[in-house]
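Data block below; observations after.
Both backbone and side-chain heavy atoms feed into the values below; hydrogens, waters and symmetry mates do not.
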Amino acid sequence: MRVTSTRVVYENRWMRVREDRTERADGTPGLYGWVEKPPAALIVPLEDAHAWLVEQFRHPVGRRFWEFPQGAWEDAPAADAEALARGELAEETGLQASRLEHLGRLHFAYGLSDQHVDVWRATGLEPGRQALEATEEGLVVRRFARAEVERMIAGNEIRDAASVAAWHLATR
């Protein structure tokens, strides 16, 4: 497939929505809309037999969910991946990690967006102060036994696909 033209149809601080006019190999024209977003980090904080999760409201689905700390720096999309992971972990949980291990790179939804997420296992955790953004108001942090996280995934309480995949990478 060849892109014949592209245009931005919507843009804000967090994303850009693009519309690409395309031409398939057989000459058939097409149209593809997709979301451009900066790279993200997802951190699985593990210590002993426990993991930390955050619960927050997710506007598109209108509910609160448990997930692992994650986020992107819209104002610094070229930031170092490990610095982003350390920053997001501290911002959302207050935790400082003495060790971060890069477990891989995933795409949130590559049929809809170009955004990738680097997955990290954080250990050697020390408590600190959260530094939540206004959009994270009401975020809750809680320590769970690993067996409880497993139960929450199996019971469909943790529904964030990236968190489920990251748990698999961090514990298998």
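The main-chain N or O of L89 is found under 3.5 Å from a side-chain atom of T93 such that the two form a donor-acceptor pair. Between the side chain of E136 and the backbone N or O of E133 there is at least one donor-acceptor pair closer than 3.5 Å. Here the side chain of T22 pairs no donor or acceptor atom with the backbone of M1 at under 3.5 angstrom. Put simply, the side chain of R21 never gets that close to the backbone of L31: no donor and acceptor are under 3.5 Å apart. Put simply, the side chain of T6 never gets that close to the backbone of D20: no donor and acceptor are under 3.5 Å apart. Remark: the backbone N or O of L100 is not paired with any side-chain donor or acceptor of R121 at under 3.5 angstrom. The backbone N or O of R2 sits nowhere less than 3.5 Å from a side-chain atom of E23 that would complete a donor-acceptor pair.
In this structure, W52 and I43 have side chains that are not in contact, with every pair of non-hydrogen atoms separated by 4.5 Å or more. In this structure, D118 and W120 have side chains that are in contact, with non-hydrogen atoms separated by less than 4.5 Å. Side-chain contact check for Q70 versus S163: some heavy-atom pair is nearer than 4.5 Å. At least one side-chain heavy atom of F68 sits under 4.5 Å from a side-chain heavy atom of P45. Side chains of V54 and L139 form a contact here, defined as non-hydrogen atoms less than 4.5 Å apart. Side chains of V17 and V8 form no contact here, defined as non-hydrogen atoms less than 4.5 Å apart. Side-chain contact between V117 and F108 is present, with at least one heavy-atom pair separated by less than 4.5 Å.
Between E11 and the choices K37, R18, R16, the salt bridge (Lys or Arg N to Asp or Glu O under 4.0 Å) rule is met once, by R16. Under the side chain to side chain contact (heavy atoms under 4.5 Å, CB included) test applied with L53, the options R142, R143, M152 reduce to a single match, M152.
Going from atom CG of D160 over to atom CG of L42 covers 7.0 Å, rounded to the nearest 0.5 Å. Of the inter-residue distances, the one linking E101 atom CD with L169 atom CG reads 10.5 Å to the nearest 0.5 angstrom. Residue H59 holds its NE2 atom at 12.5 Å from OG1 of T135, rounded to the nearest 0.5 Å.
Ring pair H107/H116 is perpendicular by interplanar angle, where above 60° counts as perpendicular and below 30° as parallel.
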task: Check step by step if side-chain hydrogen bond (donor to acceptor under 3.5 Å, both in side chains) holds for W73 and E88.
output: CA-CA 9 Å; W73 288 348; E88 284 296 319; 3.2 Å; yes
field: Check against side chain to side chain contact (heavy atoms under 4.5 Å, CB included), V164 and I153
entry: CA-CA 7 Å; V164 173; I153 289 171; 4.0 Å; yes
Side chain to side chain contact (heavy atoms under 4.5 Å, CB included) between E137 and L132, worked out: CA-CA 7 Å; E137 181 182 18; L132 298 177; over 6 Å; no
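Contacts classified as ring pair (Phe, Tyr, Trp, His ring centres under 6.0 Å) and involving residues 133-156 (residues at least two apart or in different chains) are given here: W66-F144.
With respect to the salt-bridge test (charged N to carboxylate O, under 4.0 angstrom), the residues E150 and R172 qualify. Salt bridge present: E67 and R58 bring a charged side-chain N and a carboxylate O closer than 4.0 Å. Salt-bridge check for E82 with R86: passed, with a basic side-chain N closer than 4.0 Å to an acidic carboxylate O. Salt bridge annotation for E157-R151: present, with a cationic side-chain nitrogen under 4.0 angstrom from a carboxylate oxygen. A salt bridge links D75 with R13: the distance from a Lys NZ or Arg NE/NH1/NH2 to an Asp or Glu carboxylate oxygen falls below 4.0 Å.
T28 and D26 are linked by a side-chain donor-acceptor pair at a separation below 3.5 angstrom, with hydrogens and angles left out of the test. Residues R99 and T123 bring a donor and an acceptor atom of their side chains to less than 3.5 Å of each other.
In the hydrophobic clustering, where aliphatic and aromatic side chains (Ile, Leu, Val, Met, Phe, Trp, Tyr) are joined below 4.5 Å either directly or transitively, W34 groups with Y32.
Residue F57 places its CZ atom among more than 12 non-hydrogen atoms of other residues, nucleotides or ligands, all under 6.0 Å distant.
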